[in-house]
Colleague: 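Mind having a look at this structure? Questions to follow.
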Amino acid sequence: MRLARFDVDLRGLENAPVHLSEGGRPVVFRVLDADPVVAVAGACVDWLGPWGLWLRASEDYSAGLIARDVKTLSHLLELDHVVVEADRDAHLHAEVVAALLSGERVTLHNAVATITDAYNRPAPPRTITVWSAQDEVLRHDSSVLQARASSGELTYFSD
């Protein structure tokens, strides 16, 4: 599998799909100078997908909030991948995000969240693969992708 991360600023985001149209998919946007969800929501009106988003979990932006935002954004554009990065325990944040995107009631306890009988509905209209990012390595279940090459704003991850 191959995944490309496109590092983009707010000004370049609007034309990003045109710029990437020949590069293949999946592409995950990492917005460098703005709230990624708000920026993509504002720019994606005419985008043909699917696309992905790179988000950073923190004390101020928990996995639960990420799941809420991803779910909302998934109803505005075709999202198929989300990468969750954090200073520590990115895989645990990603576990929470994935569980909350299922549309089912969730009870989960780990080092970053305690959730009892919660849900995040309506579920995204399509399945979203949630990756965790740690040191240029992406993980989802048993899949591991490593950063292999960079070209300008693009970084390619593959197994």
Side-chain angles (χ1 to χ4, degrees), residues 1-10 12-13 16-17 19-41 43-44 47-74 76-103 106 108 110-113 115 120 123-159:
M1 160 151 212
R2 185 173 164 161
L3 186 113
R5 180 183 69 209
F6 186 63
D7 292 331
V8 62
D9 61 21
L10 187 57
L13 187 61
H19 174 71
L20 298 170
S21 63
E22 296 182 20
R25 291 202 176 92
V27 174
V28 178
F29 292 102
R30 182 167 70 172
V31 181
L32 302 174
D33 64 345
D35 178 312
V37 174
V38 173
V40 169
C44 75
W47 290 8
L48 299 176
W51 300 99
L53 194 58
W54 188 289
L55 298 167
R56 181 167 188 76
S58 67
E59 276 190 34
D60 295 333
Y61 194 45
S62 69
L65 292 176
I66 290 172
R68 178 205 62 192
D69 288 350
V70 167
K71 183 234 356 165
T72 301
L73 191 59
S74 75
L76 299 175
L77 84 155
E78 291 180 51
L79 272 181
D80 62 355
H81 292 274
V82 169
V83 177
V84 179
E85 179 180 34
D87 287 336
R88 351 182 288 266
D89 299 323
H91 66 289
L92 297 177
H93 290 281
E95 176 184 35
V96 172
V97 172
L100 288 171
L101 291 177
S102 71
V106 174
L108 184 148
N110 67 24
V112 301
I115 300 170
N120 185 26
R126 56 191 289 145
T127 301
I128 298 173
T129 303
V130 180
W131 299 85
S132 64
Q134 184 72 44
D135 300 325
E136 298 296 312
V137 175
L138 306 181
R139 288 186 168 79
H140 168 75
D141 293 335
S142 62
S143 299
V144 178
L145 305 180
Q146 284 199 273
R148 303 286 185 193
S150 291
S151 174
E153 306 91 3
L154 286 167
T155 300
Y156 296 97
F157 295 81
S158 63
D159 46 13

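Treat the numbers as computed from the prediction; the structure is a model and nothing was measured.
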Colleague: When you measure from the side chain of Asn110 to the backbone of Val112, do you find a donor-acceptor pair of N or O atoms at a distance under 3.5 Å?
Modeller: yes
Colleague: To the nearest 0.5 angstrom, please state how far the CG atom of Leu53 sits from the CG atom of Leu73.
Modeller: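 Answer for the CG-CG pair, Leu53 versus Leu73, is 6.5 Å.
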Colleague: Applying salt bridge (charged side-chain N to carboxylate O under 4.0 Å, His left out), can you list everything that pairs with Asp9, at least two apart in sequence or on another chain?
Modeller: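 Expected list: none.
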Colleague: Which pairs count as salt bridge (Lys or Arg N to Asp or Glu O under 4.0 Å) when at least one residue sits in residues 53-62, sequence neighbours excluded?
Modeller: Arg56-Glu85, Arg56-Asp87
Colleague: Please identify each residue that fulfils side-chain contact (heavy atoms from CB on, under 4.5 Å) with Ala39, with sequence neighbours left out.
Modeller: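 Counting only residues at least two positions away or on another chain, Ala39 forms a side-chain contact (heavy atoms from CB on, under 4.5 Å) with Leu10, Leu13, Val31, Ala34.
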Colleague: Can you sort out the partners of Asp89 under side chain to side chain donor-acceptor pair (under 3.5 Å), two or more places apart, ordered by chain and number?
Modeller: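 Partners of Asp89 under the side chain to side chain donor-acceptor pair (under 3.5 Å) test: none.
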Colleague: Could you tell me which residues satisfy side-chain contact (heavy atoms from CB on, under 4.5 Å) with Asp35, sequence neighbours excluded, listed by chain and number?
Modeller: Val37, Val38
Colleague: Return the set of residues passing side chain to side chain donor-acceptor pair (under 3.5 Å) with Arg5 (not counting sequence neighbours), or none when no residue passes.
Modeller: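 With sequence neighbours excluded, Arg5 shows a side chain to side chain donor-acceptor pair (under 3.5 Å) to Asp7, Thr155, given in chain and number order.
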Colleague: Would you list the pairs meeting side-chain hydrogen bond (donor to acceptor under 3.5 Å, both in side chains) in which at least one residue belongs to residues 125-139, sequence neighbours left out?
Modeller: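 As it turns out, the side-chain hydrogen bond (donor to acceptor under 3.5 Å, both in side chains) pairs with a partner in residues 125-139, which skip direct neighbours, are Glu78-Arg126, His81-Trp131.
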Colleague: Does the side chain of Ile66 come within less than 4.5 Å of His93's, by heavy atoms?
Modeller: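 They are not in side-chain contact.
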Colleague: Nearest 0.5 Å, please: how far is CG in Asp80 from CH2 in Trp51?
Modeller: 10.0 Å
Colleague: In Å and rounded to the nearest 0.5 Å, what is the CD to CG distance from Glu95 to Leu100?
Modeller: 10.5 Å
Colleague: To the closest 0.5 Å, what do you measure between CZ (Arg2) and CZ (Phe157)?
Modeller: 11.5 Å
Colleague: Just wondering, do Asp69 and Leu55 contact through their side chains at under 4.5 Å, heavy atoms?
Modeller: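 Leu55 vs Asp69: side chains apart.
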Colleague: Nearest 0.5 Å, please: how far is CG in Leu32 from CD in Glu153?
Modeller: 9.5 Å
Colleague: Heavy atoms only: give me the nearest Val130-Val84 pair and the separation to one decimal.
Modeller: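 Looking at all heavy atoms of both residues, the shortest contact is CG1-CG2, 4.0 Å.
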Colleague: Looking at every non-hydrogen atom in both residues, tell me the closest pair between Gly52 and Leu79 and how far apart they are.
Modeller: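 Result for this residue pair: CA-CD2, 3.9 Å.
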Colleague: Taking only residues two or more places apart in sequence, or in another chain, which ones meet Pro124 in a side-chain contact (heavy atoms from CB on, under 4.5 Å)?
Modeller: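 Per chain and number, Pro124 pairs via side-chain contact (heavy atoms from CB on, under 4.5 Å) with Lys71, Ser74, Leu101, Ile128.
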Colleague: Would you name the heavy atoms of Val96 and Gly64 that are closest together and state the gap between them?
Modeller: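 Of all heavy-atom pairs spanning Val96 and Gly64, the closest is CG1-N, 4.3 Å.
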Colleague: Among residues at least two apart in sequence or on other chains, which ones pass side-chain contact (heavy atoms from CB on, under 4.5 Å) with Ser62?
Modeller: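 side-chain contact (heavy atoms from CB on, under 4.5 Å) check on Ser62 returns Leu65.
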Colleague: Hey, is CZ on Arg88 packed in by over 12 heavy atoms from elsewhere, all under 6.0 Å?
Modeller: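 Not more than 12 within 6.0 Å, no.
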Colleague: Does any non-hydrogen side-chain atom of Leu138 lie less than 4.5 Å from one of Trp54?
Modeller: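 In contact.
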